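A quick write-up on the structure given underneath.
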Amino acid sequence: MALDPRDLYDVRSLLSEEERAVQDAVARFTDERVLPIIGDCFDQGRFPAELIPEIAALGVLGATLPEEYGCAGLNSVSYGLICQELERGDSGLRSFASVQSSLCMYPIYAYGSEEQKRRWLPDMAAGRVIGCFGLTEPHGGSDPANMKTHARRDGGDWVLNGSKMWITNGNIADIVIAWAQTEEGIQGFVVEKDFAGFSAQEIKHKMSLRASVTSALYFDGVRVPEANRLPSVKGLKGPLGCLTQARYGITWGPIGSAIACLDEALGYSKERMLFGRPVAATQSAQIKLADWARRITAAQLLSLQLGRLKDAGRMQPTQVSLAKWNNCRMAIDIAREARDLLGGAGITTEHSPIRHALNLESVITYEGTETVHQLVVGRELTGINAF
Ligand SMILES: Cc1cc2nc3c(=O)[nH]c(=O)nc-3n(C[C@H](O)[C@H](O)[C@H](O)COP(=O)(O)OP(=O)(O)OC[C@H]3O[C@@H](n4cnc5c(N)ncnc54)[C@H](O)[C@@H]3O)c2cc1C
């Protein structure tokens, strides 16, 4: 029996029936609704917001949170497969879903009051309320402890001042999970978009994640009621806990990008006739294709085991760092090499590899750069902090 080039090791056979059904549903959505429009969206620098209701209807938003809050109550492997299939379409759509789910709904669920959960989560799962996550500041994202945005108590309220940079969903968000220094350490606040003194400015001229909204956020004496402070966490462990959730999903996403590039380069190289034979008949093309399949297979197994550890409550942040580093590096290298195999045709958005390669420049940078994750693994091995 012929093997599936997208899944040489039949990793799919390790999935439960429910996990396969989730993957198939999101794969169908990507094939039918994303792929026909996404090249144009990227060209135009436009996030396809019209797809949000359909994404929500698939149960993708906050997918792992409990049904009592309007969410799908899926396991972590299913969430990973969602990320993989969305990113097979475009990293921008996966970024939208990651931010909404792992960086906004998760902190409300994990650190919020019961009232906050009931107020926000059902509407966020339904895509009626969009969130963004404000951690990074203009002076250096890799060192979030050096946070300048601050909040001080004023009567029963808090007053926020500062700014955030590179914030996904910023201009389409109804709420911001904003992290700020306080006298009691870093705390999270739900800032609503119409609070006086809050503003968002979209970052233009991006060459990466063009089908995604990225913004700078400004807090100029924004008054936030105590009811909007996330009560159950203080310190950097709050935002870092969210990032671990999101990075877990990001380990799966680039597998989708890489599969899209392999698929496209396979098809193209079998049809492209040069020197009287298909490019795919040359040894150098086959070595490249085989090497991509090898790297994709390793990444699939890495993320699946990570997901099983997460579902068993045993996943460690260092393991997430290793997989984020490995899988982003795997995908960006494959996307660049696939672009090359397509020759001149590879430089337009009619084919996906250059779009994926450019997107992955962001994916390998955000949520901890490659260097940051290498240093996390190095610290684990040596016991020495080299940051
Ligand atoms: C498209 C996009 C979307 C994003 N979305 C969000 C979001 O929704 N919310 C949010 O809060 N942030 C978001 N970010 C920010 C992202 O997380 C940061 O860009 C990232 O953490 C890196 O921070 P920086 O850009 O300030 O780079 P810097 O931290 O200034 O890093 C510059 C360079 O220094 C290297 N470096 C850092 N530390 C060390 C060290 N100890 N030793 C050696 N080298 C080191 C880095 O690897 C990098 O190469 C987004 C970024 C992008 C590009």
Side-chain angles (χ1 to χ4, degrees), residues 42 45-47 87 90-107 130-149 162-181 186 188-189 191 200-219 236 238-247 249-250 253-254 257 320-321 324-325 328-329 332 355-379 382 384-387:
F42 189 93
R46 181 179 84 78
F47 171 68
E87 195 145 353
D90 192 85
S91 306
L93 277 173
R94 200 270 307 135
S95 298
F96 166 79
S98 288
V99 168
Q100 178 84 347
S101 302
S102 296
L103 296 182
C104 296
M105 296 176 74
Y106 172 78
I130 304 305
C132 70
F133 176 86
L135 175 65
T136 303
E137 300 191 349
H139 52 273
S142 302
D143 183 14
N146 181 25
M147 185 179 290
K148 307 253 191 287
T149 298
S163 63
K164 301 287 178 180
M165 188 67 181
W166 304 115
I167 306 304
T168 304
N169 297 349
N171 278 76
I172 56 168
D174 302 291
I175 58 169
V176 186
I177 305 295
W179 297 95
Q181 286 284 6
I186 290 173
F189 298 87
V191 174
Q201 188 175 15
E202 189 162 357
I203 297 172
K204 299 285 186 188
H205 311 295
K206 288 183 302 173
M207 301 304 288
S208 173
L209 281 194
R210 288 181 54 74
S212 169
V213 173
T214 314
S215 310
L217 308 181
Y218 302 97
F219 306 91
L236 204 52
L240 293 187
C242 306
L243 290 175
T244 300
Q245 304 297 316
R247 287 165 177 167
I250 294 175
S257 307
V320 181
S321 284
K324 200 247 175 199
W325 158 26
C328 290
R329 172 53 58 191
I332 197 169
R355 178 168 52 78
H356 284 299
L358 290 169
N359 282 341
L360 287 159
E361 294 287 348
S362 289
V363 181
I364 204 168
T365 293
Y366 67 25
E367 306 257 356
T369 65
E370 183 175 62
T371 306
V372 162
H373 291 294
Q374 288 166 330
L375 295 180
V376 168
V377 177
R379 184 176 57 192
T382 62
I384 303 167
N385 185 353
F387 281 92

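Counting begins at 1 with the first residue of the sequence. Counting convention: from 1, in listed order, for ligands and their atoms alike. Since this is a predicted model, take the numbers as computed values, not measurements.
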Would you say [atom] touches the protein, meaning some protein heavy atom is under 4.0 Å from it?
atom                    : value
atom 49 (O) of ligand 1 : no
atom 33 (C) of ligand 1 : no
atom 46 (C) of ligand 1 : yes
atom 20 (C) of ligand 1 : yes
atom 26 (O) of ligand 1 : yes
atom 40 (C) of ligand 1 : yes

Problem - Side-chain H-bond candidate by donor/acceptor type, Y366 with S95, under 3.5 Å - result: yes

Can you measure from [atom1] ([X]) to [atom2] ([Y]) and round to the nearest 0.5 angstrom?
X    : Y    : atom1 : atom2 : answer
N169 : F47  : CG    : CZ    : 6.5 Å
L103 : E367 : CG    : CD    : 5.0 Å
S212 : I203 : OG    : CD1   : 10.5 Å
I364 : H373 : CD1   : NE2   : 10.0 Å
D143 : T136 : CG    : OG1   : 11.0 Å
I167 : E137 : CD1   : CD    : 9.0 Å

Backbone or side chain, does any N or O of [X] fall under 3.5 Å from an N or O of ligand 1?
X    : result
S362 : no
G141 : yes
T136 : yes
D143 : no
W166 : yes
F133 : yes

Number the atoms of ligand 1 from 1 as they appear, then name those within less than 4.0 Å of a heavy atom of [X], with their elements.
X    : answer
Y366 : 2 (C), 3 (C), 4 (C), 16 (C), 17 (O), 50 (C), 51 (C)
L375 : 40 (C), 41 (N), 42 (N)
I167 : 7 (C), 8 (O), 9 (N), 10 (C), 11 (O)
T369 : 22 (C), 46 (C), 47 (O)
T168 : 3 (C), 4 (C), 5 (N), 6 (C), 7 (C), 8 (O)

For ligand 1, the portion of [X] having any non-hydrogen atom under 4.0 Å away:
X    : value
N169 : neither
E367 : backbone
L209 : side chain
S142 : both
L135 : both

Problem - Protein contact to atom 30 (O) of ligand 1 [nearest heavy atom, distance to 0.1 Å] - result: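 Closest protein heavy atom to atom 30 (O) of ligand 1: G140 CA, 4.2 Å.
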
Problem - Distance from atom 43 (C) of ligand 1 to nearest protein heavy atom, with residue and atom - result: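 Ranked first by proximity to atom 43 (C) of ligand 1 is T371 CG2, 3.8 Å.
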
Can you give me the closest heavy-atom contact between [X] and [Y], atom names plus distance?
X    : Y    : value
L217 : C132 : CD1-SG, 4.1 Å
A211 : D90  : CB-OD2, 3.9 Å
S257 : E87  : OG-CG, 3.2 Å
V213 : I172 : CG2-CG2, 4.2 Å

Practice task
Could you tell me whether a side-chain N or O of T214 sits under 3.5 Å from a main-chain N or O of T168, the two making a donor and an acceptor?
Solution key: no

Exercise for the section: State, with a plain yes or no, whether a side-chain heavy atom of V363 is found less than 4.5 Å away from one of P254. Expected result: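 Yes - at least one pair of side-chain heavy atoms lies under 4.5 Å apart.
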
Handout entry: Sub-4.5 Å side-chain heavy-atom contact between M147 and L135
Key =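 With C-beta onward as the side chain, the pair touches.
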
